[in-house]
Number of protein chains: 2
Amino acid sequence: MATARRDPLTLEVVELIGTVVARYYEEYEQAAAQHALTGAQARVLRLLSLEPLPMRRIARNLKCEPSNVTGIVDRLEARGLVERRPDPADRRVKLAAPTEKGLATAEQLRDSLDFAREPLAGLTAAERETLRDLLQRMVGESAA
Amino acid sequence: MATARRDPLTLEVVELIGTVVARYYEEYEQAAAQHALTGAQARVLRLLSLEPLPMRRIARNLKCEPSNVTGIVDRLEARGLVERRPDPADRRVKLAAPTEKGLATAEQLRDSLDFAREPLAGLTAAERETLRDLLQRMVGESAA
DNA sequence: TATTGTTATACTCTATAACTATA
DNA sequence: TATAGTTATAGAGTATAACAATA
């Protein structure tokens with residue numbers, strides 16, 4: 001298996017992945033902007049819509065410094081999309097949780113992410129399965 | 001063909017694409033940082049390594065406002081990676097072009113983008129071909 | 001008049017370092 | 001003493017608006 005690295009085929013696939021990434025990112029930002037959110041704010045809102053989290057955990061997920069999360073959550077909180085709750089188990093911890101409005105926004109956001117579904121519509125179910133399997137092996141099975 | 005949108009399979013693929021995008025982006029920034037470049041600077045340098053371009057064209061490619069390009073090119077120029085040249089055909093235009101050092105850096109940058117090659121090593125040539133074809137159809141054939 | 005690049009301004013994201021309140 | 005969250009600071013990317021030079 002592990003041979004090719006700079007062969008034309010591999011480079012072609014790498015190029016295509018770059019194109020997909022650029023398009024995905026662009027449309028994600030655009031979807032966020034439709035709700036007057038930045039990309040980072042939209043990502044945090046999506047994350048919290050799955051489960052309330054301590055600030056520290058948000059930073060780890062976003063792969064940024066905890067100090068940055070303070071501002072992002074501040075802005076989401078100022079817009080009534082998120083709230084900070086105390087953690088009964090540890091008084092140092094603040095749990096960020098979406099409000100009802102925040103949950104509704106997160107759902108709308110999810111729906112507007114047609115970008116990734118739209119192009120898939122051109123593939124048959126069998127092809128989507130193949131794509132899923134190949135991507136899974138690329139990502140390393142342990143995809144979330 | 002165009003039926004499924006919210007079926008489990010499609011959503012699974014969308015999720016996987018999101019994972020690939022996050023990983024690609026992260027590793028791109030990391031590769032850029034190894035050369036003390038930001039992601040935006042690395043993207044501009046890569047773009048110019050293909051062909052010198054007017055500031056306006058860079059903005060269009062990055063999908064940002066032209067005023068932002070001024071600063072990014074300023075910083076690349078300050079590091080001796082890029083230079084501004086007059087356009088003989090139109091004296092309003094400034095062509096941004098990589099220096100030799102800039103070209104060398106762009107090439108190193110390209111090489112350090114193993115992130116997208118590494119995971120592909122686990123796929124056979126036939127599988128990479130299949131992946132290429134499916135991605136090409138997603139992207140719409142007209143990939144760069 | 002329209003276009004190219006720039007400047008000025010304001011906001012967000014980012015990392016670093018220092019601070020506070022808990023543990 | 002270690003950890004969670006915050007504040008302060010500085011640099012970079014971003015959009016908007018206004019400007020000079022050129023077309």
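Here is how names work: the chains are called A, B, and so on, in the same order as the sequence lines, proteins then strands, and each is numbered from 1. These numbers come from the heavy atoms of this one structure, side chains and all, not from hydrogens, waters or symmetry mates. None of the values given here were measured: they were computed from a predicted structure.
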Between [Y] and [X], is there a side-chain heavy-atom distance shorter than 4.5 Å?
X: A:Arg56; Y: A:Arg60; value: no
X: B:Arg128; Y: B:Arg132; value: no
X: A:Glu12; Y: B:Gln136; value: yes

Rounding to an integer number of Å, can you tell me how far [X] [atom1] sits from [N] [atom2]?
X: B:Met55; N: C:dT4; atom1: CE; atom2: C1'; answer: 10 Å
X: B:Glu77; N: C:dT6; atom1: CD; atom2: P; answer: 9 Å
X: B:Lys94; N: D:dT22; atom1: NZ; atom2: P; answer: 10 Å
X: A:Leu95; N: D:dG5; atom1: CG; atom2: C1'; answer: 12 Å
X: B:Arg60; N: C:dG5; atom1: CZ; atom2: C1'; answer: 15 Å
X: A:Tyr25; N: D:dT14; atom1: OH; atom2: P; answer: 11 Å
X: A:Arg57; N: D:dT3; atom1: CZ; atom2: P; answer: 17 Å

- Query: Please walk me through it: do B:Lys63 and A:Glu29 pass side chain to side chain contact (heavy atoms under 4.5 Å, CB included)?
  - Reply: CA-CA 11 Å; B:Lys63 297 181 203 309; A:Glu29 296 284 325; over 6 Å; no
- Message: Please find the pair of heavy atoms, one from A:Gln41 and one from A:Ala36, that lie closest to each other, and give the distance.
- Response: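 In terms of heavy atoms, the two residues are closest at OE1-O, 4.3 Å.
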If you restrict it to nitrogen or oxygen atoms, what contacts under 3.5 Å exist between nucleotides 21-23 of chain C and the protein, and what is each distance?
unit_1 : atom_1 : unit_2  : atom_2 : d
C:dA23 : OP1    : A:Arg91 : N      : 3.0

- Show which residues join A:Ile72 in its hydrophobic cluster (side-chain heavy-atom contacts under 4.5 Å, direct or indirect), or state none.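 For the cluster that includes A:Ile72, the remaining residues are A:Leu37, A:Val44, A:Leu45, A:Leu47, A:Leu48, A:Leu53, A:Met55, A:Ile58, A:Leu62, A:Val69, A:Val73, A:Leu76, A:Leu81, A:Val82, A:Leu109.
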- Task: Could you work out the complete set of other residues in the hydrophobic cluster of A:Leu50, with links drawn between I, L, V, M, F, W and Y side chains under 4.5 Å apart?
- Result: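 Result for A:Leu50 is none, singleton.
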- Would you sort out whether B:Met138 and A:Leu131 count as a side chain to side chain contact (heavy atoms under 4.5 Å, CB included), showing the intermediate values? CA-CA 11 Å; B:Met138 270 189 60; A:Leu131 182 57; 3.8 Å; yes
- Close residues, residues 79-88 of chain B, relative to DNA chain C [heavy-atom separation under 4.0 Å]: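 Listed by number, they are B:Arg84.
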Would you tabulate the pairs of protein nitrogen or oxygen atoms and nucleotide nitrogen or oxygen atoms of nucleotides 12-14 of chain C closer than 3.5 angstrom?
unit_1 : atom_1 : unit_2  : atom_2 : d
C:dC13 : OP1    : A:Thr38 : OG1    : 2.4
C:dC13 : OP2    : A:Arg75 : NE     : 2.7
C:dC13 : OP2    : A:Arg75 : NH2    : 2.5

- Query: Do A:Leu103 and A:Leu95 sit in the same hydrophobic cluster, where Ile, Leu, Val, Met, Phe, Trp and Tyr count as joined when their side-chain heavy atoms come under 4.5 Å apart?
  - Reply: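 No, A:Leu103 and A:Leu95 fall in different hydrophobic clusters.
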- side-chain hydrogen bond (donor to acceptor under 3.5 Å, both in side chains) partners of residues 82-94 of chain B, not counting sequence neighbours, each pair once: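 Passing the test, one end in residues 82-94 of chain B: B:Asp74-B:Arg84, B:Glu77-B:Arg84, B:Glu83-B:Arg85, B:Asp90-B:Arg92.
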- Query: How long is the gap from CG on B:Leu16 to CZ on A:Arg137, to the nearest 0.5 Å?
  - Reply: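 Taking CG in B:Leu16 and CZ in A:Arg137, the distance rounds to 13.0 Å.
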